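Here is the structure we will look at.
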Amino acid sequence: VNPVAVTQSPYGGSAATIPGTIEAAKYDIGGQNIAYYDNTTGNEGNTFRTDDVDIEASTEGGYNLGWTAANEWTEYTVNITPGTYKIEARVAATEVGKSFRVEIDGANIATFTVPNTGDWQTWQTITVNNVALSGGQKIMRIFNITDGFNLSNIKFSSSTTTDTQPPSISLTAPENNISFNAPANINIS
């Protein structure tokens, strides 16, 4: 008997879209070392899903990842519209010095430092700006650099970029090569 190969697939059957909001608890289907890596057996929050990723109900509605440990990760199949994005993460923690990163197809695109929000369910938005992403279907990974934070969702929205071109100025009056004798009042347009 040949073993059945377990493959990774999007939660709910279709890839999440960027721009858009990706719910942290809706990581891909596929199991340990395929769609996620969790240091402990079982779901510490005992809610929403029955695999090993630790999930709890969020006071803001929906669910959040909790009981995070360093080097744990979850993956999400995403369809990206190419562009430059602002990435906002909704987080909670009871200590400073916590962090995670977001990767697309193995490349680090953003590293977040999680502040002490005062409680495990006191939520705050943290932001990384001006992240350029190419388009197509890709795998997004949330990688826990440290332990000790909760993550509800990650929102990708189009960045408003500031035009860095200098202004263009042209003078229509006075005409080129006109001479004036001082003192003089000169109208410029």
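Just so you know, these numbers use all the heavy atoms, side chains as well, and skip hydrogens, waters and symmetry mates. Not measured: the values here are computed from a predicted model.
Taking 4.5 Å as the limit, every side-chain heavy atom of D52 sits out of range of all side-chain heavy atoms of N43. Using a 4.5 Å heavy-atom threshold, the side chains of I126 and E88 count as separate. You'll find the side chain of S99 stays beyond 4.5 Å of the side chain of F112, heavy atoms only. Residues R49 and I29 are in side-chain contact: their nearest non-hydrogen atoms beyond the backbone lie under 4.5 Å apart. With contacts defined as side-chain heavy-atom distances shorter than 4.5 Å, the pair R141/V102 does not qualify. Residues D54 and T40 form a side-chain contact, since some pair of their non-hydrogen atoms from C-beta on lies under 4.5 Å apart. Residues Y37 and N39 meet the side-chain proximity criterion, which asks for heavy atoms closer than 4.5 Å. Two residues are said to be in side-chain contact when any heavy atoms from C-beta on lie closer than 4.5 Å; S159 and V131 fail this criterion.
Checking side-chain atoms of T21 against main-chain N and O of K155 turns up no donor-acceptor pair under 3.5 Å. Listed for the Y63 side chain is no donor-acceptor partner under 3.5 Å among the backbone atoms of A24. N108 places a side-chain N or O within donor-acceptor distance of the main-chain N or O of A110, the cut-off being under 3.5 Å. Remark: side-chain polar atoms of S134 are not paired, donor with acceptor, to backbone N or O of P82 under 3.5 angstrom.
Hydrophobic cluster membership is shared by F48 and L151, with clusters built from Ile, Leu, Val, Met, Phe, Trp and Tyr side chains linked at under 4.5 angstrom. L65 and W67 are not part of a single hydrophobic cluster, where members link through side-chain heavy atoms under 4.5 Å apart. No continuous path of hydrophobic side-chain contacts links Y76 to F143 [ILVMFWY only; heavy atoms under 4.5 Å].
Between atom CD of residue Q124 and atom CG of residue N116 there is a gap of 9.0 Å, rounded to the nearest 0.5 Å. Between the CG atom of D38 and the CD atom of E44 there is a distance of 8.0 Å, given to the nearest 0.5 Å. Atom CZ of R90 and atom CG of N150 lie 12.5 Å apart (nearest 0.5 Å). Within the model, atoms CD1 of I154 and OG1 of T125 stand 11.5 Å from one another, a figure rounded to the nearest 0.5 Å. With rounding to the nearest 0.5 angstrom, the NZ atom of K138 is 10.5 Å from the CD1 atom of I109. Between atom CZ of residue F149 and atom CH2 of residue W120 there is a gap of 9.5 Å, rounded to the nearest 0.5 Å.
No side-chain N or O of E56 forms a donor-acceptor pair with one of N46 less than 3.5 Å apart. A donor atom on one side chain and an acceptor atom on the other are found under 3.5 Å apart for Q8 and D28. For the residue pair E23/N64, the side-chain donor-acceptor check at 3.5 Å is not satisfied. Between the side chains of E75 and W73, no donor-acceptor pair is found at a separation under 3.5 Å.
Looking at I142, T146, D147 one by one, the single match for side-chain contact (heavy atoms from CB on, under 4.5 Å) with N144 turns out to be I142. A side-chain hydrogen bond (donor to acceptor under 3.5 Å, both in side chains) with Y27 holds for exactly one of T77, T74, D51; it is D51.
When all heavy atoms of G148 and A93 are compared, the pair lying nearest together is O-CB, 3.7 Å. Contact between A92 and T117 at its shortest, heavy atoms only, is CA-OG1, 3.4 Å. Closest approach of N79 and A15 over heavy atoms only: ND2-CB, 3.6 Å.
Taking the six-membered ring for Trp and thresholds of 30 and 60 degrees, Y85 and F156 have ring planes more than 60 degrees apart, a perpendicular arrangement.
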Pair I80, I104 - check side-chain contact (heavy atoms from CB on, under 4.5 Å), show working. CA-CA 10 Å; I80 303 172; I104 298 288; 4.1 Å; yes

Determine whether K86 and S158 satisfy the following criterion, side-chain contact (heavy atoms from CB on, under 4.5 Å), listing intermediate values before the conclusion. CA-CA 6 Å; K86 172 172 72 171; S158 293; over 6 Å; no

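Between E103 and R101 a salt bridge is recorded (basic side-chain N to carboxylate O distance below 4.0 Å).
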